[in-house]
Asks: 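Here it is, the structure in full.
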Amino acid sequence: MINLKNIEQAAAVYALIAASVFAFLSFYGTDGETYLFPRIIAVVLALMSVSLLIANWSSKNDNRSDSGYFAEIWPGMVVGLVFLLVMEDLGFYVSSFFAFLAILLLYGVRPITDIKALIMKSSAALAFMAILYFLFWNGLNVRTPTGILF
Amino acid sequence: MDFINYFGNVFTPYHLMLLLGGTTAGLMLGALPGLSPTMAVALIIPFTFHMQPDSGLILLGAMYTATVAGGAISAILVNVPGAPANIATALDGHEMARQGRASEALHFCFFSSFVGGIFGILILIFFTPPLAELALKFGPTELFWIAILGITVIGTIGSKSVLKGLMAGLFGLAISTIGDNPMLGEQRFVYSDHLESGIHIVAALIGLFALPQILTLLEECRKGNRGSMYALSQSRWYQSMNYNLRRAKALTIGSFVGAIVGVIPGAGGQIAGLVAYDQVKKTSDNPLNFGQGEPDGIIAAESANNAMVGPSLVPLLTLSIPGSPTAAVLLGGLLIHGLFPGPDLFTMHGEVIWTFIDSLIVAQVFMLVIGLFLSRHSGWIMKVPPNYMAASILVLAVFGTYSIQSSYSDVLIMMVLGVIMYFASKLGFSPAPVVLGIILGPIAEDNFLQGKLIGEAGDGMFNYFFSGTINLVLILATVGSIAYSVYAGHKMKKRATA
């Protein structure tokens with residue numbers, strides 16, 4: 001029986017799923033010449049996934065770390081997602097300022113309602129953006145999305 | 001001895017100022033994730049329009065050498081390689097930083113870069129004609145086997161399991177096939193407009209390294225690990241230099257591998273660093289220490305990626321074939337100044353070219369001095385709280401990715417790959433083989449398809465791919481590499497259980 005709490009078996013199972021999806025996409029309804037190289041990779045990848053599974057079949061230790069880490073990272077992932085969604089509309093520097101500040105506040109020691117910490121973190125975010133702006137936008141002429149502001 | 005005759009041209013106040021400015025800017029730009037040497041040189045080309053050809057090339061050369069070394073700063077301090085060439089440096093460099101030895105790791109990085117860089121330039125000066133002949137002998141099959149050899153090297157890099165390392169490399173190869181077929185031009189796996197241009201290597205590099213690092217830092221915040229991330233002790237540069245010079249084997253392997261890979265058109269510093277790292281690990285008495293903060297890992301990787309710089313200019317200057325992506329941008333810089341590479345370049349524009357080559361030697365000295373100064377003062381990065389570090393890396397990652405080709409799709413791809421890599425790393429997969437797979441994918445596929453066409457039109461595919469001295473040597477090296485990886489894996493397992 002496959003034990004998904006075993007890191008090696010879980011890795012083999014997920015890799016086999018990924019290899020199977022890749023093989024399906026490479027072989028199903030595609031041109032043999034165009035997809036020749038991906039097909040070769042898909043077959044080798046699937047064989048290796050099976051080898052990994054067989055090599056670790058007898059390993060039954062629950063050595064996979066607790067999946068509780070998702071609870072710790074999801075606020076950061078939401079910030080990243082919102083950052084991506086608004087970047088083109090708000091502009092890179094404005095949206096970056098808010099994303100920077102949001103991470104400082106959400107993962108800071110002091111509570112979000114602490115005004116002193118809010119001012120300090122806003123200043124840090126503003127300073128970081130100002131350095132980026134003057135160095136790259138003005139100095140090196142590197143262009144980023146401007147959006148409605150700059 | 002033409003190169004000695006023109007040495008004096010480098011030591012004018014104006015040229016020394018350009019070298020100082022180019023090296024300092026190169027080290028800083030190189031340390032930013034996403035601002036690869038290629039992009040840094042491309043960014044600076046417009047500034048050279050109004051300069052004399054020799055002055056413009058001096059600035060471009062200084063930027064090239066310094067950005068390759070500068071990429072190691074972020075690789076060591078925050079585990080995000082500034083450029084693909086510094087992937088191997090992060091493997092042991094960041095581990096040393098975690099152990100409070102960041103300053104020592106940076107010293108090793110700059111000393112090794114200096115030694116490798118000087119070696120590479122000497123190769124450029126003395127071996128340009130024979131190396132150009134060797135580079136000419138590399139056809140599609142030789143380049144295909146070079147890529148396959150690189151893929152077999154993947155197995156032992158950054159992964160505890162050879163099989164997982166090879167699988168991660170194959171995932172990289174699979175990702176590299178998204179986009180146009182290199183021969184037929186037809187699109188593959190393009191299920192969204194964002195994938196139309198394929199996966200850009202720098203976007204993938206940033207995503208695969210930076211995003212997992214950001215998420216790990218956020219984890220640390222929630223677990224209560226705040227304030228100074230790692231302890232930091234200052235080490236004396238002359239002690240590091242002594243140690244560095246005693247690691248002759250790692251320096252030699254790194255420098256030779258870098259020079260050989262550099263001269264092969266299209267290979268680039270990323271392959272040089274990883275191959276050198278792998279070879280030093282395989283020949284080490286303590287292979288288990290690699291990945292745990294082994295200085296030899298940094299020494300080999302950094303000497304290799306800087307030793308690649310000089311030789312990568314050999315095919316560029318003699319045959320107009322760039323030895324690396326950055327050399328390709330430099331080719332643009334040469335053409336802007338009316339210098340057309342080829343056999344006549346050294347006779348018609350000898351003064352400009354030899355001044356440029358001589359300036360690369362002086363740039364190495366500047367890089368060492370400024371690098372050591374920066375390593376003494378870059379320790380503050382280690383004291384930045386993890387939430388500030390995560391926020392900074394996020395903004396820089398998005399900025400660096402967007403600025404590659406002003407593409408929002410690149411940012412999206414970078415984020416998606418990064419999140420997948422974060423979860424894959426929890427299963428024991430490492431990002432380095434994936435990146436190497438993405439780099440080698442186009443080289444392998446393009447040359448495989450070319451070789452297939454040529455072979456089918458001649459004596460058959462098998463004959464074409466399995467004949468010729470260089471092909472046979474490369475095939476033997478590939479088989480030997482796989483066999484040794486399996487053997488070394490077993491040996492390491494035995495040692496670990498003993």
Side-chain angles (χ1 to χ4, degrees), chain A residues 7-8 10-11 14-15 18-19 22 25-26 30-31 33-38 41-42 44-45 48-49 51-52 55 64-65 67 69 71-73 75-77 79-81 83-84 87-88 92 96 99-109 124-125 128-129 132 136 140-145, chain B residues 29 43-44 46 161 163-164 166-167 170-171 173-174 177-178 181-184 186-189 191 211 214-219 221-223 226-227 385-388 390-392 394-396 398-399 402-403 406 408 411-412 415 418-419 422-424 426-429 441 444-445 448-449 452:
Chain A
I7 198 164
E8 303 302 332
Y14 290 126
F22 186 62
L25 295 175
S26 306
T30 56
D31 174 53
E33 277 290 302
T34 313
Y35 283 79
L36 176 64
F37 199 67
I41 298 167
V44 179
L45 199 50
M48 281 189 169
S49 310
S51 307
L52 187 64
R64 195 171 160 200
S65 58
S67 56
Y69 50 78
E72 287 148 7
I73 59 164
M77 288 178 74
V79 170
L81 186 65
F83 180 24
L84 271 188
M87 189 176 84
E88 286 198 303
F92 172 77
S96 294
F100 195 101
L101 184 61
I103 287 179
L104 295 192
L105 291 172
L106 287 170
Y107 288 90
V109 186
F128 190 77
M129 293 312 137
L132 268 190
F136 290 101
L140 291 172
N141 216 22
V142 178
R143 291 292 174 253
T144 46
Chain B
L29 287 175
L43 279 173
I44 219 75
S161 149
L163 206 49
K164 275 189 188 173
L166 287 170
M167 283 167 68
L170 281 170
F171 277 117
L173 280 181
T177 61
I178 296 172
N181 176 305
M183 289 296 285
L184 302 171
E186 286 179 39
Q187 289 191 327
R188 299 170 302 189
F189 308 116
Y191 304 113
L211 258 285
I214 292 166
L215 295 172
T216 307
L217 285 167
L218 296 183
E219 262 188 74
C221 288
R222 285 289 160 101
K223 284 177 186 162
R226 297 180 179 282
N387 54 337
Y388 279 79
S392 312
L394 175 68
V395 172
L396 287 176
V398 172
F399 174 82
Y402 186 85
S403 56
S406 299
Y408 177 72
V411 179
L412 211 59
M415 289 275 202
V419 172
Y422 171 75
F423 289 108
K426 298 283 179 191
L427 294 170
F429 291 101
E445 182 174 14
F448 172 73
L449 295 176
K452 182 176 164 279

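Because only heavy atoms are used, hydrogens play no part in the values below, and waters and symmetry mates are left out as well, while side chains stay in. Every chain is numbered from 1 and lettered A, B, ... according to where its sequence line falls, protein lines coming before strand lines.
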Asks: Does any heavy atom of chain A fall under 4.5 Å from the side chain of Ala444(B), the backbone, both, or neither of them?
Replies: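 Interface part for Ala444(B): both.
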Asks: Using the test side chain to side chain donor-acceptor pair (under 3.5 Å), find all partners of Glu33(A) that sit at least two apart in sequence or belong to another chain.
Replies: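 Scan of Glu33(A) (side chain to side chain donor-acceptor pair (under 3.5 Å), adjacent residues dropped) gives Lys452(B).
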Asks: So, using side chain to side chain donor-acceptor pair (under 3.5 Å) as the criterion, who are the partners of Glu186(B) when residues are at least two apart?
Replies: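 Expected list: Thr34(A).
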Asks: Do you know which of Gly80(A), Ser26(A), Ala19(A), Ala18(A) has the most heavy-atom pairs under 4.5 Å to chain B?
Replies: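 Among the listed options, the one with the most contacts to chain B is Ser26(A).
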Asks: Based on non-hydrogen pairs under 4.5 Å, which of Leu132(A), Leu101(A), Asp31(A), Leu36(A) is most in contact with chain B?
Replies: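 Highest number of pairs under 4.5 Å: Leu36(A).
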Asks: Please rank Met129(A), Met48(A), Met77(A) by heavy-atom pairs under 4.5 Å with chain B and give me the top one.
Replies: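 Option with the top pair count is Met48(A).
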Asks: Would you say Ser96(A) and Val398(B) make side-chain contact, with heavy atoms under 4.5 Å?
Replies: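 No, their side chains stay 4.5 Å or more apart.
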Asks: Under a 4.5 Å heavy-atom cut-off, does chain A meet the side chain of Leu184(B), its backbone, both or neither?
Replies: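 The side chain, not the backbone.
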Asks: Short question: side chain of Tyr422(B), backbone of Thr216(B) - any donor-acceptor pair under 3.5 Å?
Replies: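 Such a contact is absent between Tyr422(B) side chain and Thr216(B) backbone.
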Asks: For Ala42(A), is it the side chain, the backbone, both or neither that has a heavy atom under 4.5 Å from a heavy atom of chain B?
Replies: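 For Ala42(A), neither part sits under 4.5 Å from chain B.
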Asks: According to the interplanar angle, ranging from 0 to 90°, do the rings of Phe92(A) and Phe399(B) count as parallel (below 30°), tilted (30 to 60°) or perpendicular (above 60°)?
Replies: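 Geometry flag for Phe399(B) against Phe92(A): tilted rings.
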Asks: Measure distances from Phe448(B) to the heavy atoms of chain A and classify the residue's part below 4.5 Å as side chain, backbone, both or neither.
Replies: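 Contact with chain A involves the side chain of Phe448(B) alone.
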Asks: For residues Phe22(A) and Thr177(B), determine if any side-chain heavy atom of one lies less than 4.5 Å from a side-chain heavy atom of the other.
Replies: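 They are in side-chain contact.
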Asks: Between Gln187(B), Arg188(B), Met183(B), who has the most heavy-atom pairs with chain A when the cutoff is under 4.5 Å?
Replies: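 Answer, by heavy-atom pair count under 4.5 Å with chain A: Arg188(B).
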Asks: Does any heavy atom of chain A fall under 4.5 Å from the side chain of Phe189(B), the backbone, both, or neither of them?
Replies: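 Both backbone and side chain.
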Asks: Please classify the contact between Met415(B) and chain A as side chain, backbone, both or neither, with a heavy-atom cut-off of under 4.5 Å.
Replies: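 Answer is side chain: those atoms of Met415(B) sit under 4.5 Å from chain A.
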Asks: Centre-to-centre under 6.0 Å for Phe100(A) and Phe128(A), is that the case here?
Replies: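 Ring-ring flag for Phe100(A)/Phe128(A): true, centres closer than 6.0 Å.
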